[in-house]
2 protein chains.
Amino acid sequence: MSPRIGKAELRKRALIGAALGEIAERGTLEVTVAQIARRAGVSSALAHHYFGGKDDLILATMRHLLAEFRLNVVGAMHEAEGPRARLSATIRASFGPEQFHHATISAWLTFYAWALSSPGAARLLRIYHRRLESNLTHALKGIAPAAEARRIACGLGAYIDGVYLREALSPTPTDPAAAIAMVERFATLELSEVTP
Amino acid sequence: MSPRIGKAELRKRALIGAALGEIAERGTLEVTVAQIARRAGVSSALAHHYFGGKDDLILATMRHLLAEFRLNVVGAMHEAEGPRARLSATIRASFGPEQFHHATISAWLTFYAWALSSPGAARLLRIYHRRLESNLTHALKGIAPAAEARRIACGLGAYIDGVYLREALSPTPTDPAAAIAMVERFATLELSEVTP
DNA sequence: TTGTTGATTGACTAATCAATCAATAAAGGT
DNA sequence: ACCTTTATTGATTGATTAGTCAATCAACAA
């Protein structure tokens, strides 16, 4: 039984994982290719061989996080019946254990900041924002008028980001359930006004 | 009439302003001391002379932003009568024109990210967080039970940060009034439940 | 076996940049 | 005028680091 995935794919995954680890651990994108490569157990030249440059490696790391998040969402969506449940599923997915732990949150924050100076990073984050907001809006349209749905989705998106931001800088880790409860409460309050 | 402020203070202010400008314009803390010094019209050696090192200069820039924000808050607080007005004043101050424009918001985001790796920056942000939350909680305690006040203040703080974060990455600038309306609505919704 | 392709590396390069320092200029007091 | 202190700079250094390249090494097909 030979490995189903090629050696190249294996190495790329290891490098992406190592990049994520270094970035989260050091809390900055100012990590050297050599550090990442060492953590992945290869030479820095190999990282360049597979990814071209440091920026490409970091972009690939962002894409990986994004894909993971997407998986989380579709998984949660699958078992959701009705618009309100789909709304809750989207919120719950945003705080899934895969995303909402310190290392990942730190990485997200560094990526957000990077987006200010990297068009590629900005593009990826815009895609993520659009997707999240689209999910929220779609679910909300089943409960509230379209205009209200869009407004509430915008607020929820900002709130989710805000909770992440606070968590990134908080010395004591927050329980994901508490974060979910905060956002759920906001959604319920907003909806109680538009669906009497 | 000789200048009331010494030459040293003048130069420091120029350097801090230049640092803020460079950081906001480039969207990153990876600006060179030489770039900052050139923008301030002095040599890079002088920046070191006055601030010691690059990190100290950037920390001073953060402190400057923080102090400006504080001024904004006390100013808005001064003309506020009663707890609900104080709550609104705090929110309004958070989105004052001095704070809520693109350059400043970009700088904030880079500082937030820096706090992940710089204890000094983390300390400053914690002070800012505590101050904001304390202001919010204090005002809210005049309207809601203490426990609820703390919970709502926590949510408001996160929401304000989230709105900032969205604005930092948004290609189109948001109207401060719209941001204030979003947060005000959040506060009103929360309060409508605890004060029947 | 042998040749081809891809994997992998150590060594090197070129660029960047924070920080230092010795030297000069300006200011201000006596 | 003289001396002390402070302001200011150009030149330099030492460290770091992304990216390159030619040289091995491993896999594997013919």
Side-chain angles (χ1 to χ4, degrees), chain A residues 1-23 25-62 110-111 113-114 117-121, chain B residues 1-23 25-62 110-111 113-114 117-121:
Chain A
M1 77 181 206
S2 61
R4 263 102 49 112
I5 55 181
K7 218 167 187 181
E9 198 54 36
L10 253 175
R11 285 276 129 101
K12 283 188 184 181
R13 288 189 196 182
L15 280 163
I16 285 174
L20 193 56
E22 284 294 313
I23 290 166
E25 194 169 306
R26 299 179 189 259
T28 169
L29 290 184
E30 284 173 55
V31 293
T32 71
V33 177
Q35 283 162 356
I36 295 171
R38 188 170 341 120
R39 183 184 271 237
V42 299
S43 74
S44 71
L46 198 65
H48 281 99
H49 175 64
Y50 278 126
F51 287 97
K54 181 184 173 181
D55 285 8
D56 304 282
L57 170 53
I58 295 184
L59 278 176
T61 307
M62 273 187 77
T110 66
F111 292 150
W114 193 39
S117 58
S118 157
Chain B
M1 93 188 190
S2 59
R4 265 99 52 110
I5 54 181
K7 217 167 188 182
E9 199 54 37
L10 253 174
R11 284 278 128 100
K12 282 189 185 179
R13 289 189 195 180
L15 281 163
I16 285 174
L20 192 55
E22 285 294 313
I23 291 166
E25 194 169 304
R26 300 180 188 261
T28 170
L29 290 185
E30 283 173 55
V31 293
T32 70
V33 178
Q35 284 162 356
I36 294 171
R38 189 169 340 119
R39 182 183 272 237
V42 298
S43 75
S44 71
L46 198 66
H48 281 98
H49 175 64
Y50 278 125
F51 288 96
K54 181 185 174 181
D55 285 8
D56 305 282
L57 170 51
I58 295 183
L59 277 177
T61 307
M62 274 186 77
T110 65
F111 292 149
W114 193 38
S117 58
S118 156

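Just so it is clear: chains get the letters A, B, ... in the order the sequence lines come, proteins before strands, and each one is counted from 1.
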List for me each residue that meets side-chain contact (heavy atoms from CB on, under 4.5 Å) alongside [X], sequence neighbours excluded, and say none if there are none.
| X | answer |
| --- | --- |
| A/T61 | A/I16, A/A19, A/L20, A/L57, A/F111 |
| B/A14 | B/A40 |
| A/A45 | A/S43 |

Using the 3.5 Å cut-off, write out each protein N or O paired with an N or O of nucleotides 15-19 of chain D and the distance between them.
from, atom 1, to, atom 2, distance (Å)
D/dA18, OP1, A/K54, NZ, 3.3
D/dA18, OP2, A/V33, N, 3.0
D/dG19, OP2, A/H48, NE2, 3.3
D/dG19, OP2, A/K54, N, 2.8

- For B/K12 and D/dT8, give me the distance from atom NZ to atom P, rounded to whole Å.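 To the nearest whole Å, that distance equals 12 Å.
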- Message: Output the rounded distance in Å from NE2 (A/H49) to C1' (D/dC25).
- Response: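 Answer to the nearest Å: 13 Å.
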- If you look at every strand shown and take non-hydrogen atoms under 4.0 Å, does A/F51 touch a base, only sugar-phosphate, or nothing?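 The residue A/F51 makes no contact with any strand.
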- Message: What range of DNA chain C does chain A touch, first nucleotide to last, counting atoms under 4.0 Å from its heavy atoms?
- Response: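 Using the under 4.0 Å cut-off, the span is C/dA7 to C/dG10.
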- Message: Per the salt bridge (Lys or Arg N to Asp or Glu O under 4.0 Å) rule, what does the pair list look like for residues 51-61 of chain B, sequence neighbours excluded?
- Response: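 For residues 51-61 of chain B: none.
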Measuring from atom [atom1] of [X] to atom [atom2] of [Y], what distance do you get when rounded to the nearest 0.5 angstrom?
| X | Y | atom1 | atom2 | answer |
| --- | --- | --- | --- | --- |
| A/H49 | A/R11 | NE2 | CZ | 11.0 Å |
| B/W114 | A/T110 | CH2 | OG1 | 16.0 Å |
| B/L59 | B/S118 | CG | OG | 5.5 Å |

- Query: With nearest nucleotides of DNA chain D determined for B/Y50 and A/A45 from heavy-atom distances, which residue corresponds to the more 5′ nucleotide?
  - Reply: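 Mapping each residue to its closest nucleotide by heavy atoms, the 5'-most match is B/Y50.
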- Query: Got a sec, which residues hit side chain to side chain donor-acceptor pair (under 3.5 Å) with A/R39, two or more places apart in sequence or on another chain?
  - Reply: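 In terms of side chain to side chain donor-acceptor pair (under 3.5 Å), with neighbours along the sequence ignored, A/R39 is linked to A/E22, A/E25.
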